[in-house]
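Hydrogens, waters and symmetry mates play no part in the numbers below; they use all other heavy atoms, side chains included.
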Amino acid sequence: MDLKFLPSLFLVIALSTAHQLKIINNCPFTVWVGIQGNPGKPHLEGGGFQLNSRASKTIGTANDWAGRLWGRTNCNAQGHCETGDCGNKIQCNGAGGVPPVTLAEMTFSGAGGLDFYDVSLVDGYNLPMKMAPTGGFKQSGGGKYDCKAAGCNSDLNAKCPNELAVKAGGRTVACKSACLAFNTDQYCCRGAHGTPQTCKSKDWPKNYPAIFKSACPDAYSYAYDDEKSTFTCKPNPATNYDIKFCP
């Protein structure tokens, strides 16, 4: 084999096993996307970019990338955003979004070679969001959480209890989690409440996750809801995903 062709061959192999994330803004307003890689993983696109209404952008990831993605709203020229702000900058460069914020979380090529993904309201909610595989996958047994769409299609801001609501200009722009709002061990699933057995939202003074879950049954609503809301997909060899705001 001619060795001068090896770099091109490796590039083809690398591209064939990369994921494509198509990020779509269906909202009637601009969304500023935030992206944060897990430790040791890159912050794609420098950690963020502007995505106009009805626009989309496709980005590539390594087949073993892991991280989170969220939408920021009403950002000004200085980079400060009304929700999901990451330190007054458009490219977050490793900074996370200030909660409350809706998150898409993903670990590609995780345990058993599966992709794991969810849409999380654990840090609260600011935008409806959906993540779904679009091709290149094998189902691994079927079921509700096998290669299906994860997400929250509802406008939770319209249903947010007053004690959790974040207001701007007289309107609710985000909805806090109970942990963020009250910072107790019980609501935050820590201390004596730090296990799945001792942190059950049905035992809380008010079952706030039930409000989120009834509106968004395919989203992850609090710290120990993951066994009900984490989706998996078997890559073949790599799976592409759509991530939509205002699906």
Side-chain angles (χ1 to χ4, degrees), residues 23-36 51 53-54 68-75 81-86 96-106 117-132 144-145 148-184 186-189 199-202 204-231 241-247:
I23 303 165
I24 303 160
N25 179 14
N26 278 347
C27 302
F29 48 81
T30 298
V31 170
W32 287 260
V33 178
I35 307 173
Q36 183 185 42
L51 191 60
S53 175
R54 313 302 178 189
R68 50 178 49 190
L69 186 149
W70 69 98
R72 294 167 285 165
T73 60
N74 201 19
C75 301
C81 304
E82 190 171 71
T83 70
D85 186 75
C86 64
V98 175
V101 68
T102 313
L103 292 172
E105 304 174 310
M106 59 217 78
Y117 58 100
D118 64 72
V119 169
S120 173
L121 308 179
V122 173
D123 287 338
Y125 166 99
N126 69 331
L127 285 171
M129 193 176 185
K130 182 173 78 171
M131 179 173 179
K144 181 177 179 181
Y145 301 105
K148 301 293 197 306
C152 179
N153 298 341
S154 297
D155 179 9
L156 267 176
N157 289 334
K159 305 171 185 177
C160 185
N162 285 336
E163 62 270 30
L164 303 184
V166 176
K167 303 276 190 178
R171 61 192 176 88
T172 299
V173 296
C175 192
K176 295 179 183 179
S177 66
C179 175
L180 181 63
F182 305 115
N183 194 29
T184 68
Q186 187 171 35
Y187 283 137
C188 295
C189 293
C199 193
K200 296 183 182 295
S201 67
K202 66 180 178 61
W204 295 1
K206 185 170 181 178
N207 190 350
Y208 289 106
I211 299 170
F212 285 27
K213 201 70 176 177
S214 64
C216 302
D218 296 322
Y220 176 19
S221 64
Y222 77 108
Y224 291 115
D225 186 35
D226 54 335
E227 74 278 2
K228 297 179 181 177
S229 303
T230 299
F231 292 72
Y241 292 88
D242 279 357
I243 300 172
K244 290 184 181 180
F245 298 103
C246 303

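The CG atom of Asp85 sits 11.5 Å away from atom CG of Asn74, with the distance rounded to the nearest 0.5 Å. Taking NZ of Lys144 as the start and CG of Asp218 as the end, the distance is 5.0 Å to the nearest 0.5 Å. Rounding to the nearest 0.5 angstrom, the gap separating the CG atom in Asn157 from the CZ atom in Arg171 is 9.0 Å. The distance from atom NZ of Lys176 to atom OH of Tyr208, rounded to the nearest 0.5 Å, is 11.5 Å. In this structure, Leu69 CG and Ile35 CD1 are separated by 5.0 Å, a value rounded to the nearest 0.5 Å. Separating the OG1 atom in Thr230 from the OH atom in Tyr145 is a distance of 9.0 Å, to the nearest 0.5 Å.
Taking Phe245 as the reference, nothing meets the ring-ring contact (aromatic ring centres under 6.0 Å, His included) condition, with sequence neighbours excluded. Considering only residues two or more places apart in sequence or on other chains, Tyr241 meets the side-chain hydrogen bond (donor to acceptor under 3.5 Å, both in side chains) condition with Asp115.
Looking at Asp118, its side chain never comes within 3.5 Å of a backbone N or O of Tyr220 through a donor-acceptor pair. Using a distance-only test at 3.5 Å, with no hydrogens or angles considered, no donor-acceptor pair links the side chain of Thr83 to the main chain of Ala174. Formation of a donor-acceptor pair under 3.5 Å by the Asp155 side chain with backbone atoms of Lys159 is not found in this model. One N or O on the side chain of Lys213 and one on the backbone of Ala219 form a donor-acceptor pair closer than 3.5 Å. Between the side chain of Arg72 and the backbone N or O of Val33, at least one donor-acceptor pair lies under 3.5 Å. Remark: side-chain polar atoms of Tyr222 are not paired, donor with acceptor, to backbone N or O of Pro209 under 3.5 angstrom.
A heavy-atom distance below 4.5 Å is found between the side chains of Pro28 and Arg54. Within the 4.5 Å cutoff, the side chain of Ser154 has heavy atoms near those of the Cys216 side chain. In this structure, the side chains of Pro247 and Pro128 come closer than 4.5 Å at one or more pairs of heavy atoms.
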### Message
Pair Arg68, Asp123 - check side chain to side chain contact (heavy atoms under 4.5 Å, CB included), show working.
### Response
CA-CA 12 Å; Arg68 50 178 49 190; Asp123 287 338; 3.9 Å; yes
### Task
Just do the disulfide (SG to SG under 2.5 Å) check on Cys189 and Cys179 with the steps written out, would you?
CA-CA 8 Å; Cys189 293; Cys179 175; over 6 Å; no
### Candidate pair Met129 and Val31, rule side chain to side chain contact (heavy atoms under 4.5 Å, CB included), full reasoning
CA-CA 12 Å; Met129 193 176 185; Val31 170; over 6 Å; no
#### Entry: Verdict with supporting geometry, Cys81 and Cys86, disulfide (SG to SG under 2.5 Å)
CA-CA 8 Å; Cys81 304; Cys86 64; over 6 Å; no
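Exactly one residue among Leu103, Asn126, Thr102 makes a side chain to side chain contact (heavy atoms under 4.5 Å, CB included) with Leu121. That residue is Thr102. None of Pro205, Cys199, Ser201 except one satisfies the side chain to side chain contact (heavy atoms under 4.5 Å, CB included) rule with Gln186; the exception is Pro205.
Ala168 and Val173 make their closest contact through CB-CG1, 3.9 Å (heavy atoms, listed as atom of the first residue, atom of the second, distance). The two residues Lys148 and Phe231 have their closest heavy-atom pair at O-CD2, 3.7 Å. When all heavy atoms are compared, the tightest approach of Asn25 to Phe29 is ND2-O, 2.9 Å. A pairwise comparison of heavy atoms in Phe212 and Ser221 identifies CB-CB, 4.3 Å as the closest pair. Nearest heavy-atom pair across Gly84 and Trp70 is O-NE1, 3.0 Å. Asn183 and Cys188 make their closest contact through CA-SG, 3.9 Å (heavy atoms, listed as atom of the first residue, atom of the second, distance).
Using a 4.0 Å cut-off between a side-chain N of Lys or Arg and a carboxylate O of Asp or Glu, Asp242 and Lys130 do not qualify as a salt bridge.
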